[in-house]
There are 2 protein chains.
Amino acid sequence: MQTLSIGELAERSGVASQAIRYYEKEKLMPAPQRTDANYRRYPLDAVDRLQFIVHAKHWGFSLDEIRELLILQDANGDRAQVKHIAGEKLHKIREQIKHLSRIEAVLSKTLNECVGEGPMQEGCPIIEAIAEREK
Amino acid sequence: MQTLSIGELAERSGVASQAIRYYEKEKLMPAPQRTDANYRRYPLDAVDRLQFIVHAKHWGFSLDEIRELLILQDANGDRAQVKHIAGEKLHKIREQIKHLSRIEAVLSKTLNECVGEGPMQEGCPIIEAIAEREK
DNA sequence: CTTGACCCTAAAGTCAGCTTAAAGGTTATG
DNA sequence: CATAACCTTTAAGCTGACTTTAGGGTCAAG
């Protein structure tokens with residue numbers, strides 16, 4: 001069976017060798033077999049696992065959360081647990097969207113109100129909005 | 001004129017003394033006058049400045065961005081510059097909302113598709129969504 | 001057989017925005 | 001006048017997700 005050195009794996013997955021070693025230390029990647037010279041040799045499907053990590057990171061999952069998902073996969077775990085983790089993540093994402101939307105609303109409103117000209121001796125609606133806004 | 005010790009300022013503003021010293025080092029707060037014993041004495045409006053910082057942080061501005069806004073205020077700067085900084089921030093916030101909304105859409109869709117029962121031998125729509133999703 | 005490209009480990013550095021600790025001076029209270 | 005509650009400084013620690021550095025070992029090409 002074909003195996004990959006860490007450098008080949010890095011190139012195929014787009015993840016730096018040192019990051020791969022870091023994922024191993026953090027238990028996201030299993031420790032691979034070693035050659036006599038103590039070089040890591042990875043099976044081909046290590047590429048998929050790394051890309052799962054990359055995608056999950058892009059989705060905003062932390063390494064801790066990704067580790068949980070991988071453990072469930074490795075253990076052929078319960079769908080309910082995966083759904084639970086994803087549900088919590090969805091909740092957090094919706095909270096973030098709410099928070100950002102509130103900011104977006106006030107900021108775009110004040111930007112419209114600001115003429116964007118002249119000095120600010122008598123105040124600037126943007127500065128004032130930041131200064132006064134509660135909560 | 002009444003002045004405040006750093007501890008009194010901390011209590012009135014809700015910002016820890018050490019954080020106030022940190023803001024001084026980072027040029028967000030001006031270095032205040034000192035007593036003979038080298039104690040900081042703040043004017044009352046230091047409370048407002050600190051609360052401006054707190055609010056701006058809550059809005060998602062970084063300390064670097066807040067410093068820029070404060071410099072414009074201190075210099076009685078140009079409204080156009082403030083509008084420019086706020087406009088860039090608004091753009092970044094809208095990008096973040098877009099990114100999160102895309103994730104929210106896919107994640108809530110896959111959560112609905114997942115029965116949330118049984119083991120995942122034959123795959124789980126959530127895991128697969130993460131694994132397969134491009135970009 | 002040597003040079004350069006790879007691989008190894010462990011430890012330290014990076015970013016932001018602080019917090020905590022260490023070691024000491026000052027001031028208010030009983 | 002002692003002691004607790006302030007204040008001072010500098011330096012180190014924290015989180016997350018790595019990257020960089022230091023100091024070696026290994027391997028393929030010429």
Side-chain angles (χ1 to χ4, degrees), chain A residues 2-43 46 49-70 85 89 92-93 96, chain B residues 2-43 46 49-70 89 92-93 96 130:
Chain A
Q2 198 193 340
T3 61
L4 304 172
S5 72
I6 196 168
E8 289 161 343
L9 178 57
E11 204 177 344
R12 291 203 192 193
S13 64
V15 176
S17 303
Q18 281 292 22
I20 296 171
R21 295 196 188 97
Y22 174 73
Y23 291 156
E24 182 178 327
K25 197 160 64 91
E26 293 295 310
K27 312 274 187 205
L28 290 153
M29 292 297 285
Q33 290 201 308
R34 301 286 186 127
T35 65
D36 292 349
N38 203 32
Y39 282 22
R40 290 171 177 83
R41 297 304 313 187
Y42 290 94
R49 193 179 178 96
L50 273 173
Q51 284 182 351
F52 178 85
I53 295 171
V54 170
H55 292 325
K57 260 162 45 69
H58 179 77
W59 277 48
F61 287 93
S62 68
L63 294 195
D64 281 354
E65 290 167 327
I66 296 169
R67 189 189 304 104
E68 282 192 87
L69 290 172
L70 287 167
I85 294 173
K89 191 73 201 171
K92 281 184 210 158
I93 287 168
Q96 283 182 58
Chain B
Q2 199 192 341
T3 61
L4 303 172
S5 72
I6 196 168
E8 289 161 344
L9 178 58
E11 205 177 344
R12 292 202 191 193
S13 65
V15 175
S17 302
Q18 281 294 20
I20 296 172
R21 295 195 188 98
Y22 174 73
Y23 291 156
E24 182 178 326
K25 197 161 63 94
E26 293 296 311
K27 314 271 187 206
L28 291 154
M29 292 297 286
Q33 290 201 307
R34 301 287 186 126
T35 66
D36 292 348
N38 202 31
Y39 282 22
R40 291 171 176 82
R41 297 303 313 186
Y42 290 94
R49 194 179 179 94
L50 273 172
Q51 284 181 352
F52 178 85
I53 295 171
V54 170
H55 292 326
K57 261 162 44 72
H58 179 78
W59 277 48
F61 286 93
S62 69
L63 295 196
D64 281 354
E65 290 166 328
I66 296 169
R67 190 189 304 104
E68 281 192 87
L69 291 173
L70 287 167
K89 191 72 199 174
K92 280 185 210 156
I93 288 168
Q96 283 182 59
I130 298 174

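This is a predicted model, so every value here is computed, not measured. A, B, ... follow the sequence lines: proteins, then strands. Residue 1 opens every chain.
In this structure, A/T35 reaches neither bases nor backbone, as no heavy-atom distance under 4.0 Å exists between it and the strands shown. Using a 4.0 Å heavy-atom cutoff across all strands shown, B/R40 reaches sugar-phosphate atoms only and no base atom.
Side-chain atoms of A/Y39 and base atoms of D/dG25 include a donor and an acceptor less than 3.5 Å apart.
Heavy-atom contacts from other residues, nucleotides or ligands closer than 6.0 Å to CD of A/E26 number more than 12.
Between A/Y42 and A/L50 the shortest side-chain heavy-atom distance does not fall below 4.5 Å. Contact annotation: the side chain of B/P32 approaches that of B/E24 to within less than 4.5 Å [non-hydrogen atoms, C-beta and beyond].
In this structure, B/R34 reaches the D/dT9 phosphate: one of its side-chain N or O atoms is under 4.0 Å from OP1 or OP2. At least one side-chain nitrogen or oxygen of A/Y23 sits closer than 4.0 Å to the OP1 or OP2 atom of D/dC18.
One can place NZ of B/K25 at 10 Å from P of D/dA11, the figure rounded to the nearest angstrom. Residue A/D64 contributes atom CG, which lies 14 Å from atom C1' of D/dC18 at whole-angstrom precision. One can place NE2 of A/H58 at 14 Å from P of D/dC18, the figure rounded to the nearest angstrom. Separating the CG atom of B/L4 from the C1' atom of D/dC7 is a distance of 15 Å, rounded to the nearest angstrom. Regarding B/Y22, its OH atom lies at a distance of 16 Å from the P atom of D/dA11, rounded to whole Å. To the nearest angstrom, C1' of D/dA17 lies 15 Å from CD1 of A/I20. Protein atom CD of A/E24 is 15 Å distant from nucleotide atom P of D/dC18, rounded to whole Å. For A/E26 and D/dC18, the CD to C1' distance is 10 Å, given to the nearest whole Å.
Of all non-hydrogen atoms in B/L28 and B/L70, the two that sit nearest each other are O-CD1, 3.6 Å.
Bending across the helix from C/dC1-D/dG30 to C/dG30-D/dC1, expressed as the angle between its end axes from five pairs apiece, amounts to 30° (10° rounding).
The nearest heavy atom of DNA chain C to B/D36 and to A/I6 marks one nucleotide each, and the one closer to the 5' end goes with A/I6.
The pair B/K89-B/E68 fails the salt-bridge criterion, with no side-chain N (NZ, NE, NH1 or NH2) lying under 4.0 Å from an Asp/Glu carboxylate O.
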Verdict with reasoning, B/L63 to B/Y23, per side chain to side chain contact (heavy atoms under 4.5 Å, CB included): CA-CA 9 Å; B/L63 295 196; B/Y23 291 156; 3.9 Å; yes
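Rounded to the nearest 0.5 angstrom, A/Q18 CD and A/I6 CD1 are separated by 7.5 Å.
With hydrogens and angles ignored, the 3.5 Å screen pairs a side-chain donor or acceptor of B/E8 with a backbone N or O of B/S5.
Protein chain A touches strand DNA chain C; the 5'-most and 3'-most nucleotides with an atom under 4.0 angstrom of its non-hydrogen atoms are C/dC6 to C/dA10.
The salt bridge (charged side-chain N to carboxylate O under 4.0 Å, His left out) search around B/R49 returns B/D74, not counting sequence neighbours.
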